[in-house]
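Only one structure is covered here, and it is reproduced in the block below.
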Amino acid sequence: MGNCHTVGPNEALVVSGGCCGSDHKQYVFGGWAWAWWCISDTQRLSLEVMTILCRCENIETSEGVPLFVTGVAQVKIMTEKELLAVACEQFLGKNVQDIKNVVLQTLEGHLRSILGTLTVEQIYQDRDQFAKLVREVAAPDVGRMGIEILSFTIKDVYDKVDYLSSLGKTQTAVVQRDADIGVAEAERDAGIREAECKKEMLDVKFMADTKIADSKRAFEMQKSAFSEEVNIKTAEAQLAYELQGAREQQKIRQEEIEIEVVQRKKQIAVEAQEILRTDKELIATVRRPAEAEAHRIQQIAEGEKVKQVLLAQAEAEKIRKIGEAEAAVIEAMGKAEAERMKLKAEAYQKYGDAAKMALVLEALPQIAAKIAAPLTKVDEIVVLSGDNSKVTSEVNRLLAELPASVHALTGVDLSKIPLIKNVTTAQV
């Protein structure tokens with residue numbers, strides 16, 4: 001078993017070892033590689049750019065002038081397989097600072113050796129050539145380490161014996177002298193040239209004034225001729241314009257008349273369409289709804305008529321059925337009552353006088369209750385009489401008349417009952 005290792009484009013992965021003591025090495029950058037457990041080893045090496053500051057102090061040039069030179073180099077490990085293998089062989093396991101120190105020692109050595117072969121003027125005035133020379137000399141050595149010099153520039157050059165400042169002063173004095181001479185010569189030449197230019201200017205001015213006058217005279221003459229010709233052409237153009245304007249007005253009027261005719265025709269057609277539309281709209285919004293409403297009302301009336309007829313027929317049938325039912329009931333009740341009366345009459349015929357008398361006596365309390373019913377609504381009765389015998393005589397009279405009243409109502413003669421007979425006889 002093993003692991004899958006990945007690296008970015010700024011880093012190189014070295015996988016070494018393998019089965020059966022294999023010495024095969026795999027170099028990967030910006031990809032992945034497989035490493036077996038226990039029998040494979042993985043190491044990483046940075047491919048990023050490294051900035052190296054080279055300082056050479058108090059180094060004598062070919063003229064014996066001590067200089068202090070500072071250079072900046074940008075280097076990186078190359079990614080070609082053979083060169084990457086060389087770099088891994090020499091720098092694998094070291095950190096970036098260790099690699100910088102190795103490259104720094106190499107660059108400073110070549111810088112020192114090149115400084116000893118050049119003059120101060122060559123170093124100071126042509127720094128690019130000096131830096132190029134350092135790159136060309138140092139590139140093969142660092143290349144054998146698998147490292148590439150991307151750039152090398154001279155950052156600063158100075159000395160402590162004022163050689164460069166003296167050189168600058170001499171050059172400054174020469175330049176100032178040449179400048180003063182150049183100014184004087186320029187002023188002299190300028191004065192001479194100014195006089196010549198003034199003379200030439202005056203000559204040119206006089207000639208120009210003469211030509212201007214000739215040109216002005218010719219211009220005025222030509223202007224008059226042109227003005228005359230322009231006036232003629234203007235008059236002709238004005239007449240032609242007015243004539244053409246009249247023609248155009250006539251055409252415009254004719255076109256306007258034709259447009260009006262077309263507009264009238266279109267308007268007539270639109271009005272006809274509007275009439276048709278209005279007619280259809282009236283039919284759709286007034287006539288059709290009115291017809292529909294009339295039809296609806298007619299249908300409702302007919303339905304109401306049929307409804308009323310059916311209701312009347314149903315009511316008549318109901319009344320007829322009720323009448324028939326009531327007639328049947330009355331007929332049945334009449335028959336039952338007749339039968340009851342018949343049976344009652346037969347029963348009465350079978351009864352003796354004693355039975356009839358018993359029935360009358362049983363009915364008397366009910367008759368008395370009915371007779372006395374109005375008196376239940378009277379709170380009290382006051383008899384206005386001072387003679388007690390008169391009241392007694394009235395009571396006796398009523399009791400004497402009671403059998404006759406019962407006989408008239410029921411046909412039963414109560415006077416035949418011994419008790420009542422004795423009472424009535426006693427009263428008489």
Side-chain angles (χ1 to χ4, degrees), residues 10 45-80 82-84 86-185:
N10 63 333
L45 184 65
S46 176
L47 301 178
E48 295 178 353
V49 175
M50 295 174 285
T51 301
I52 299 175
L53 186 64
C54 302
R55 290 189 178 89
C56 293
E57 300 178 354
N58 205 19
I59 304 301
E60 295 183 356
T61 64
S62 61
E63 297 174 345
V65 179
L67 291 179
F68 293 81
V69 179
T70 303
V72 178
Q74 306 290 341
V75 300
K76 69 178 293 293
I77 295 175
M78 291 184 281
T79 56
E80 286 80 359
E82 294 79 6
L83 298 175
L84 180 59
V86 173
C88 290
E89 182 181 348
Q90 300 185 33
F91 299 113
L92 199 62
K94 294 183 178 180
N95 56 31
V96 175
Q97 189 60 43
D98 294 337
I99 300 174
K100 285 184 178 181
N101 291 334
V102 174
V103 178
L104 177 62
Q105 297 298 326
T106 303
L107 291 177
E108 285 183 352
H110 287 291
L111 184 59
R112 290 172 183 274
S113 63
I114 292 172
L115 283 173
T117 61
L118 299 176
T119 64
V120 177
E121 289 79 1
Q122 290 175 337
I123 297 170
Y124 186 77
Q125 295 176 359
D126 196 355
R127 295 188 181 187
D128 292 339
Q129 185 63 31
F130 175 47
K132 182 180 179 181
L133 183 61
V134 173
R135 286 198 303 272
E136 292 176 352
V137 173
D141 290 341
V142 296
R144 283 190 290 271
M145 303 177 191
I147 295 176
E148 176 185 8
I149 300 176
L150 299 177
S151 67
F152 182 84
T153 57
I154 301 300
K155 183 178 180 182
D156 190 18
V157 177
Y158 66 95
D159 68 294
K160 294 184 178 180
V161 295
D162 297 332
Y163 183 88
L164 292 175
S165 61
S166 300
L167 183 64
K169 291 178 180 179
T170 303
Q171 186 66 24
T172 302
V174 171
V175 171
Q176 186 67 36
R177 181 198 63 191
D178 294 340
D180 293 340
I181 295 172
V183 169
E185 291 178 350

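Please read all numbers here as calculations on a predicted model, not as lab measurements.
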Hey, could you give me the [atom1]/[atom2] distance between [X] and [Y], rounded to the nearest 0.5 Å?
X: E148; Y: E80; atom1: CD; atom2: CD; answer: 7.5 Å
X: I154; Y: Q129; atom1: CD1; atom2: CD; answer: 11.5 Å
X: K100; Y: L107; atom1: NZ; atom2: CG; answer: 12.5 Å
X: L111; Y: T106; atom1: CG; atom2: OG1; answer: 12.5 Å
X: I149; Y: I52; atom1: CD1; atom2: CD1; answer: 8.5 Å
X: Q105; Y: D141; atom1: CD; atom2: CG; answer: 13.5 Å

Requested in this report: Report yes if the side chains of V102 and I147 come closer than 4.5 Å at any heavy-atom pair, otherwise no.
Outcome: no
Write down the atom of [X], the atom of [Y], and the distance for their closest heavy-atom approach.
X: G71; Y: F152; result: CA-CZ, 4.3 Å
X: Q90; Y: R144; result: NE2-O, 3.2 Å
X: G143; Y: M78; result: O-CE, 4.0 Å
X: K76; Y: E48; result: CB-O, 4.0 Å

Query raised in the report: Out of V137, L133, V142, which residue meets the side chain to side chain contact (heavy atoms under 4.5 Å, CB included) rule with H110?
Result: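 Exactly one candidate clears the test, V137.
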Query raised in the report: Should Q97 and N101 be marked as a side chain to side chain contact (heavy atoms under 4.5 Å, CB included) after you check the CA-CA gap, both sets of side-chain angles, and the distance that decides it?
Result: CA-CA 6 Å; Q97 189 60 43; N101 291 334; 3.4 Å; yes
Query raised in the report: When you look at M50 and V103, which way does the side chain to side chain contact (heavy atoms under 4.5 Å, CB included) test go after all the steps?
Result: CA-CA 10 Å; M50 295 174 285; V103 178; 5.6 Å; no
